[in-house]
Participant: 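First the structure, which I've put down as structure tokens, then a few questions once you've had a look.
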Amino acid sequence: MINRVFTSNIKNVFAAGDLHGNYESFSSILNIYEKNRKDSVLIFLGDYADRGSNGVEIITELSKLIDTREDIIALKGNHEMYKEGRPFFYPCNLIYEAEEKYGSWEVFYQDTVLNFLNRLHIAAIINNVLFVHAGISLRIKTKDDLVKHTNEKYLLWSDPSSVQGEHLNPRGAGVLFGEDITAKLLSSLDLKMIVRSHEPEKAANGPFTEHKGKVLTINSCSLYGKPFLLKIDTKSLKFKPLFLKE
Ligand SMILES: [Mn+2]
């Protein structure tokens with residue numbers, strides 16, 4: 001299986017951050033998007049299950065949407081890292097949730113999760129913006145580097161830091177990357193901004209910018225504060241949060 005990067009020239013993008021089993025947010029995001037979807041794309045940034053109680057429903061419904069709609073895409077998060085049904089992250093509540101609702105993790109994995117995982121993109125490049133679940137690293141220098149399996153862990157686990165350069169990430173996976181690394185990669189890809197999630201707590205009250213406005217963190221899960229859907233013009237870089245109903 002090869003990692004894929006979604007590309008488009010559509011200007012208006014709606015981006016949703018970590019959901020972590022929060023069905024109310026998922027449903028509210030779809031409602032808002034359906035009302036505003038003309039000439040737009042909706043991108044989910046990953047981490048669909050675990051923590052909240054409706055990962056099964058979100059994955060089942062989102063899987064159907066990305067199978068049937070060209071304007072809705074889903075990126076892979078670190079909570080979508082499985083090999084033969086075994087998770088490479090913690091906690092994985094989805095297994096217990098599926099046992100409870102389906103009677104079997106193996107059946108749910110084979111029937112639904114596997115197809116969902118195969119349909120995910122590793123990143124999206126739309127006009128001036130790179131969309132990715134977590135972050136970047138020094139090892140990623142070109143568009144081809146984005147799809148290399150050896151680089152997946154950086155895209156799915158890394159966090160931006162106020163310290164220049166690249167350092168160990170206390171998560172034990174991915175790296176901490178400084179503004180110099182952000183600037184270098186954006187310039188080599190001819191892009192202007194990175195939109196990511198992975199640290200929704202940073203965006204508890206709205207979009208959180210760092211690295212001189214070049215990295216934007218978003219939150220769409222009520223567990224981490226006021227959830228919102230980000231509306232962004234990927235050409236002018238103008239953005240605004242559309243806060244979800246409580
Ligand atoms: Mn994450």
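Remember, it's 1-based here, ligands and their atoms both numbered in the order they're listed.
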Participant: I would like to know whether W105 and Y82 meet ring pair (Phe, Tyr, Trp, His ring centres under 6.0 Å); could you show each step before the answer?
Facilitator: CA-CA 13 Å; W105 164 244; Y82 292 93; 5.7 Å; yes

Participant: Could you tell me which residues satisfy side chain to side chain donor-acceptor pair (under 3.5 Å) with S25, sequence neighbours excluded, listed by chain and number?
Facilitator: N22

Participant: Going by the angle between their ring planes, with limits at 30° and 60°, are Y102 and F108 parallel, tilted or perpendicular?
Facilitator: tilted

Participant: Just to verify, what does Y23 make a ring pair (Phe, Tyr, Trp, His ring centres under 6.0 Å) with, not counting sequence neighbours?
Facilitator: F26

Participant: Tell me, please, whether F243 has K226 positioned over its six-membered ring: NZ or CZ under 6.0 Å from the ring centre and within 45 degrees of its axis?
Facilitator: yes

Participant: With 2.8 Å as the limit, count the protein N, O or S atoms near the Mn ion (ligand 1).
Facilitator: 4

Participant: Any pair with a residue in residues 164-173 that passes side chain to side chain donor-acceptor pair (under 3.5 Å), sequence neighbours left out, goes on the list, sorted by first then second residue, please.
Facilitator: S137-E166, R139-E166, D159-N169, D159-R171, R171-H198

